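In what follows, chains carry the letters A, B, and so on, assigned in the order in which the sequence lines appear, proteins first and then strands, with residues in each chain numbered from 1. Owing to the predicted nature of the structure, the values given are computational and were not obtained by experimental measurement.
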Amino acid sequence: GAGVSQSPSNKVTEKGKDVELRCDPISGHTALYWYRQRLGQGLEFLIYFQGNSAPDKSGLPSDRFSAERTGESVSTLTIQRTQQEDSAVYLCASSPTGNEQYFGPGTRLTVT
Amino acid sequence: GEDVEQSLFLSVREGDSSVINCTYTDSSSTYLYWYKQEPGAGLQLLTYIFSNMDMKQDQRLTVLLNKKDKHLSLRIADTQTGDSAIYFCAEGGADSGAGSYQLTFGKGTKLSVIP
């Protein structure tokens with residue numbers, strides 16, 4: 001079946017601009033995660049959605065980062081006033097239970 | 001806080017076994033995972049082990065868990081060139097912080113397979 005999809009695959013933006021990244025989870029997966037992977041690093045947790053519960057935002061690095069999810073479907077991650085240190089690959093994962101996480105291909109964000 | 005450590009590089013000859021090691025600090029982790037990342041691709045869940053297990057085998061993959069030492073290893077038998085990738089160890093589970101199942105990842109081990 002279809003896996004997790006993310007768009008765009010690549011995004012180049014100027015410092016100070018806002019960007020919006022999209023994640024389409026696997027159908028039926030109630031849990032959705034966003035992670036960030038900087039060059040040569042492991043993944044950093046950003047935010048977690050589970051059904052209609054309040055999201056766990058404990059990993060968001062600043063108030064310039066926000067995310068939304070409509071029900072158990074699409075999620076968008078928004079970064080306002082982008083900075084060069086925001087350059088990274090942003091990965092989305094979905095899970096049927098919370099534990100087995102299936103990752104999308106990521107969005108490579110470059111802030112110039 | 002939680003920390004996951006892995007060696008950064010491993011080089012093996014085709015046909016040999018590869019052993020990738022990982023240490024973690026969060027003793028409350030419910031599950032421990034191995035993910036594979038090929039160049040330009042997303043993370044692929046390879047296997048995972050529940051924290052009350054010592055070993056799990058899945059075809060060419062063997063996961064060993066020493067909970068006392070907080071040490072996890074992934075053994076790949078008969079390593080092939082297609083196994084060349086970065087392998088990430090991750091811990092997580094129901095007891096992860098803030099009630100979510102967020103995973104804590106190591107920085108990854110780059111496995112190079114020499115033909």
Side-chain angles (χ1 to χ4, degrees), chain A residues 2-10 21 23-26 29-51 53-61 67 69 75 88-108, chain B residues 1-9 20 22-26 28-53 56 58 72 85-110:
Chain A
V4 177
S5 61
Q6 293 186 244
S7 61
S9 55
N10 279 285
L21 313 179
C23 171
D24 284 85
I26 294 171
H29 283 194
T30 58
L32 186 147
Y33 298 79
W34 283 98
Y35 291 86
R36 175 170 72 177
Q37 185 180 25
R38 289 182 163 139
L39 188 65
Q41 302 294 313
L43 277 69
E44 301 170 69
F45 166 76
L46 296 178
I47 189 168
Y48 159 74
F49 296 91
Q50 172 64 278
S53 302
D56 172 8
K57 304 179 181 180
S58 60
L60 294 178
R69 187 184 187 194
S75 175
V89 176
Y90 288 82
L91 290 158
C92 173
S94 72
S95 174
T97 63
N99 278 309
E100 294 175 50
Q101 296 183 26
Y102 297 89
F103 283 80
T107 294
R108 182 176 297 279
Chain B
E2 301 99 3
D3 199 13
V4 178
E5 299 282 345
Q6 302 177 239
S7 53
L8 295 181
F9 301 98
I20 303 171
C22 168
T23 57
Y24 61 97
T25 57
D26 187 357
S28 67
S29 293
T30 308
Y31 292 93
L32 295 120
Y33 303 81
W34 285 103
Y35 282 86
K36 177 183 180 182
Q37 186 177 41
E38 293 180 272
L43 276 80
Q44 174 194 352
L45 176 62
L46 278 181
T47 187
Y48 63 96
I49 188 168
F50 191 53
S51 59
N52 68 355
M53 296 170 63
K56 180 178 180 181
D58 183 2
L72 182 74
I86 300 176
Y87 291 80
F88 289 92
C89 169
E91 62 170 351
D95 293 323
S96 294
S100 77
Y101 295 72
Q102 60 173 281
L103 300 181
T104 301
F105 285 80
K107 293 184 179 179
T109 299
K110 183 174 182 178

Cut-off 4.5 Å, heavy atoms of chain B, and the answer for A:L91 is side chain
Report which part of A:Q37 has an atom under 4.5 Å of a heavy atom belonging to chain B: side chain, backbone, both, or neither.
side chain
Counting the benzene-type ring for Trp, do B:F105 and B:Y35 have ring centres under 6.0 Å apart?
yes
Is it the case that over 12 heavy atoms from other parts of the model lie below 6.0 angstrom from the CZ atom of B:F9?
no
Testing the basics here: between A:V4 and A:C23, what is the closest heavy-atom pair and its distance to 0.1 Å?
CG1-SG, 3.8 Å
Please flag which part of B:L43 lies under 4.5 Å from any non-hydrogen atom of chain A: side chain, backbone, both or neither.
both
Aromatic centroids of B:Y48 and B:Y33 separated by under 6.0 Å
yes
So for B:Q6, is it side chain, backbone, both, or neither that comes closer than 4.5 Å to the heavy atoms of chain A?
neither
